[in-house]
Participant: 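My structure is below; once you've seen it, I'll send some questions.
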Amino acid sequence: MTTLPGKPISFWLDSTAETSFPKMENVTVDVAIVGAGITGITAAYLLKKAGKTVALIEAQQIAASASGHTTAKVTSLHQLIYADLIDKIGENKARLYGESNQAGVEFVASIVEQEGIDCDFQRNDTYSFAENKDNLDKVKQEYDAAVKLGLPAEFVTETTLPFEIAGAVKFNNQAQFHVRKYLLYLANTIPGEGSYVFEDSRVQSVTEGNPCKISANNTTLQATDVLLTTHLPIMDQGLFFAKTYPQRSYIIGAKIDRAKAPEGMYIGVGKNYHSIRTTPTEDGGLLLLIGGGGHKVGSKSETEESYLELERYAHSHFGIDKIDYRWSSQDYKSFDRLPYIGKLTPGNEHIYVATGFSLWGMSKGTMAGMLLSDLILDQKNSWADLYDSLRATPFVTQESIKNNLDVGIHWVGDRFKGIQDWSTDDVKPGEGKIITLKGEKVGVYKDEMGRVTAVNATCPHLACIVNWNSAEKSWDCPCHGGRFTCEGKVIQGPPVKDLELKSI
Ligand code: FES
């Protein structure tokens with residue numbers, strides 16, 4: 001069995017206290033917000049300030065899922081996007097994309113200042129860098145595009161990274177923070193005066209009406225409007241699961257001497273790129289965060305290699321020998337690279353969604369919270385049309401065709417996978433495998449003590465067969481990114497039901 005480096009927990013979670021908000025109660029509010037990550041919490045904060053009563057409802061712990069596993073860079077520089085957007089949607093829309101994400105950065109900065117939030121907030125520059133000449137042209141094109149759009153860009157060939165680069169586009173005066181310290185502060189302003197934060201309350205259904213009804217834990221909450229800010233909407237009607245695809249990535253954290261630490265936040269371009277930043281620790285030190293190893297959810301079973309590659313990179317590029325943390329993250333990419341923010345369906349009056357942040361959730365999640373709040377308050381917002389969730393969807397991009405084809409292939413092809421005549425010896429301790437038992441696909445996990453847990457391997461969302469993820473010890477669905485613990489409990493994604501336990 002491979003020994004992985006570092007403590008298997010996100011630094012953001014490890015360095016903040018657990019929260020303990022109550023379970024959902026039978027109350028009535030103006031706005032129910034399902035999903036307490038950066039979008040939901042930002043919207044709840046703004047709506048309460050505007051005089052609405054809100055209920056923020058989280059399936060597990062607030063600010064602990066996608067928002068608790070990010071690199072927490074707050075920037076409008078999204079690796080390489082502006083040249084592509086100008087090409088695909090034109091200069092005016094590309095400019096709005098830049099302005100809205102820059103507004104997300106400035107919103108965080110102004111709230112931190114106004115509220116005096118202690119969250120390691122720091123203004124910093126961000127860089128998209130080409131390590132060698134292969135990708136230099138793309139970086140230069142991105143710089144030209146950003147300048148054309150009025151964004152705070154420079155082209156540089158020198159950085160404080162401890163290795164040479166061919167060139168980088170740099171955005172000045174962006175920001176980084178401790179995402180959970182920031183979000184927990186905002187969330188703590190919500191309870192009271194008819195508003196609530198609920199945890200450990202997985203919403204099973206939302207019914208639109210006057211009022212809307214939200215069910216979780218055998219309780220029903222009523223609300224005039226509902227925001228689904230669950231990463232990917234838990235309701236299928238808007239088909240957002242088919243307009244996006246799920247991507248996993250990996251992060252390690254390692255103590256680094258201040259003298260050797262780079263200033264700024266970085267992301268490489270091209271294949272096998274890495275994301276780099278530092279963050280202060282409680283003992284006065286500095287933790288270097290390195291991310292990378294991205295792949296589609298469920299497309300890879302031996303995920304340990306992703307962490308080992310990051311460990312090798314930390315050693316070869318920063319001289320680091322000891323890794324302190326490791327964690328992984330998941331996000332949904334939209335095919336036109338724009339998030340979907342707005343109504344769930346055309347016939348829908350009261351249910352709103354935000355999804356498809358395509359790996360840049362800090363600026364886009366904040367911006368989505370601002371936009372959702374404006375939509376509820378009936379305030380004009382100049383980004384609404386660009387991100388309209390009901391816009392014509394580019395189902396026919398090369399990527400969308402390939403992705404939806406992949407989903408079909410998994411749906412059909414995975415039914416032929418699985419060991420037929422198996423014995424418990426086929427599964428090693430610490431390992432999970434799909435077996436076929438009386439024609440049914442079963443996920444079998446054997447823990448280190450040799451105890452076997454078996455689950456129905458058919459995903460309760462739309463019936464794809466889950467795959468084993470060895471580094472996270474989870475069952476991951478290759479179709480739309482639903483993930484489950486080795487005991488079958490839902491971790492994330494569109495499924496709202498657990499995998500059924502089987503006795504074998
Ligand atoms: S997440 Fe959609 S079928 Fe599993």
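Along the sequence shown, the residues carry numbers beginning at 1. Just follow the structure's listing: the first ligand is 1, and inside any ligand the first atom is 1.
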Participant: May I ask you to say whether R337 pairs ionically with D84, meaning some side-chain N is under 4.0 Å from a carboxylate O?
Facilitator: yes
Participant: In terms of atom number and element, which parts of ligand 1 are under 4.0 angstrom from non-hydrogen atoms of G482?
Facilitator: 1 (S)
Participant: Under 6.0 Å between ring centres, would you say that holds for F241 and H461?
Facilitator: yes
Participant: Mark up the atoms of ligand 1 that fall under 4.0 Å of a heavy atom belonging to P494, in ascending order.
Facilitator: 1 (S)
Participant: Please state whether the separation between atom 4 (Fe) of ligand 1 and some N/O/S atom of C477 is under 2.8 Å?
Facilitator: yes
Participant: Could you walk me through whether H178 and T279 pass side-chain hydrogen bond (donor to acceptor under 3.5 Å, both in side chains), step by step?
Facilitator: CA-CA 8 Å; H178 187 307; T279 189; over 6 Å; no
Participant: Does the ring centre of Y332 sit less than 6.0 Å away from the ring centre of Y245?
Facilitator: no
Participant: Taking 2.8 Å as the cut-off, does C459 contribute an N, O or S atom near atom 2 (Fe) of ligand 1, distance below it?
Facilitator: no
Participant: Which of the N/O/S atoms in H480 sits closest to atom 2 (Fe) of ligand 1?
Facilitator: ND1
Participant: Of all N/O/S atoms in H461, which lies nearest to atom 2 (Fe) of ligand 1?
Facilitator: ND1
Participant: Test: side-chain hydrogen bond (donor to acceptor under 3.5 Å, both in side chains). Region: residues 351-372. Which pairs qualify, not counting sequence neighbours?
Facilitator: H78-S363, Y97-K364, N101-S363
